[in-house]
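Here is the structure we will look at.
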Amino acid sequence: MTPGGEVVVALDVGGTGMKCALVRPDGATVHAERHATGAARGPEAVVGTILDVAEGLAGKARADGLTPVACGIAVPGVVDEARGVAVWSANIGFRDVPLRELAQTRLGLPTALGHDVRVGGLAEARLGAGRDAGHVLFVAIGTGIAAAHVVDGSAAVGAHGAAGEIGHILVRPDGPRCGCGRPGCLEAMASASAIGRRYAELSGAPATAAEVADRAAAGEPLAGRVWAEAVEALADGLATGQALFDVATIVIGGGLAQAGPRLFDPLRTALRERLTFHREPQLVAAALGDEAGCLGAALLALDTLAKESR
Ligand SMILES: [Zn+2]
């Protein structure tokens, strides 16, 4: 570690936990810590914890002889990156929280606020599985499904901070109702929670998506059917994504990606079957694991610094 080296204070705030780190400009993490989000305490308390943790990290950096130069914060939901506002979040309850300004005031550091999946995509596209691809679609599949379209290292935000909601592409008009209120969204068919829910509905016994994948691989017909339905729906969603974005690489992250070849082999085939004149993208598993959000928050903060100094 270079004494006096520059670091970014980075936080990835999730519904249950916060991953926090000091990240060097080259993407190396020099210190990492985790904290509970405590979302049940309400959004104001969560904001208080975010600011306390960020301030603590900046202090830790200085105590270690490092220089904190910026702060990057990633949050879920709808995020207005241009204004630095956490517009809306289902699991934390944010409603128009000016998080960037609050952090800047508390820390005295230039701060960037980003969307968790978009910055995760940024990190995978620049440091992880989509490195050197140029055009990358990062799709995170866990309790929900969301994506980030990254071109030349920069993620599209959308006019209202809501780009990349691939989980709400309609894939089965007669399908189960999605959390957003509409039936048949990709998320309601192929998220890890949807797979578990569907299996429980048909078998009468609860199971996680990972268990469904295991049982399908072991030859259990019901699990095989549920898994295949999810893979088909996912391929429909990704084919739409490819038609829209024509990427070189699709990076799949989130819990479902851990199913490995059980997911990737049939998904690759199903996606290929759906492509006509579109070029087939590489389909790869995310490489950065759950550190992607933190690294991406740091990258976003560094990008903002670079733009401001121009
Ligand atoms: Zn939906």
Side-chain angles (χ1 to χ4, degrees), residues 14-16 39 74-80 86-95 115-118 120-121 137-149 155-204 206-213 216 222-223 225-245 250-259 263 266-267 270-271 274 286 293:
T16 51
V75 297
V78 178
V79 182
D80 186 333
V87 176
W88 182 90
S89 151
N91 45 12
I92 304 181
F94 289 146
R95 300 290 181 271
H115 176 261
D116 55 356
V117 174
R118 280 202 297 269
L137 186 67
F138 171 66
V139 183
I141 311 174
T143 50
I145 299 180
H149 179 215
V157 173
H160 314 93
E165 292 287 357
I166 200 172
H168 303 283
I169 285 179
L170 176 66
V171 291
R172 297 288 179 273
D174 54 351
R177 193 163 292 277
C178 176
C180 77
R182 204 177 60 162
C185 290
L186 176 60
E187 183 168 302
M189 290 295 302
S191 65
S193 17
I195 293 169
R197 207 162 44 230
R198 178 71 175 147
Y199 183 85
E201 190 184 291
L202 294 176
S203 71
T208 63
E211 287 163 350
V212 175
L222 183 60
R225 177 183 148 195
V226 171
W227 190 252
E229 279 175 6
V231 166
E232 297 280 311
L234 208 47
D236 286 333
L238 295 185
T240 300
Q242 185 62 359
L244 289 172
F245 302 128
I250 296 180
V251 179
I252 308 277
L256 208 69
Q258 314 212 332
L263 174 69
L267 184 57
L271 178 58
R274 284 158 173 78

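The side-chain hydrogen bond (donor to acceptor under 3.5 Å, both in side chains) test applied to Glu229 returns Arg198, Arg225, not counting sequence neighbours. Applying the side-chain contact (heavy atoms from CB on, under 4.5 Å) rule to Ala223 yields the partners Tyr199, Val212, Arg215, Ala216, Glu220; only residues at least two apart in sequence or on another chain are considered.
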Let me have the donor-acceptor pairs involving side chains of residues 157-183, under 3.5 Å, with sequence neighbours excluded, atom names and distances please.
{"unit_1": "Arg172", "atom_1": "NH1", "unit_2": "Asp236", "atom_2": "OD2", "d": "2.7"}
{"unit_1": "Arg172", "atom_1": "NH2", "unit_2": "Asp236", "atom_2": "OD2", "d": "3.0"}
{"unit_1": "Arg177", "atom_1": "NH1", "unit_2": "Gly181", "atom_2": "O", "d": "2.3"}
{"unit_1": "Arg182", "atom_1": "NH2", "unit_2": "His168", "atom_2": "O", "d": "3.0"}

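In this structure the side chain of Ile92 never reaches within 4.5 angstrom of the side chain of Val75, judged on heavy atoms. Looking at heavy atoms from C-beta onward, Thr240 lies out of side-chain contact with Leu186 at the 4.5 angstrom threshold. When side chains are defined from C-beta on, Thr143 does not count as touching Asn91, because their heavy atoms never get closer than 4.5 Å. Side-chain contact between Leu234 and Val139 is absent, with no heavy atoms from C-beta onward closer than 4.5 Å.
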Open item on the list: Determine whether Arg118 and Val79 satisfy the following criterion, side chain to side chain contact (heavy atoms under 4.5 Å, CB included), listing intermediate values before the conclusion.
Closed with: CA-CA 10 Å; Arg118 280 202 297 269; Val79 182; 4.1 Å; yes
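The two residues Arg197 and Ala188 come nearest to each other via the heavy atoms NH2-O, 4.2 Å. In plain terms, the two heavy atoms of Ala213 and Ala259 that are nearest each other are CB-CB, 4.4 Å. Across all non-hydrogen atoms, the minimal contact from Ala235 to Ala270 is CB-CB, 3.5 Å. Between Ser191 and Gly142, the shortest heavy-atom contact is CB-O, 3.4 Å. The two residues Gly15 and Ala39 come nearest to each other via the heavy atoms O-CB, 3.7 Å. Scanning both residues, Ile195 and Val226, for their nearest heavy atoms gives O-CG1, 3.7 Å.
For the atom pair CG of Leu271 and CD of Glu232, the computed distance is 11.0 Å after rounding to the nearest 0.5 Å. Residue Ile252 holds its CD1 atom at 4.5 Å from CD1 of Ile141, rounded to the nearest 0.5 Å.
Applying the 6.0 Å contact sphere to CD of Glu211 captures more than 12 heavy atoms from other residues, nucleotides or ligands.
The main-chain N or O of Gly77 is found under 3.5 Å from a side-chain atom of His115 such that the two form a donor-acceptor pair.
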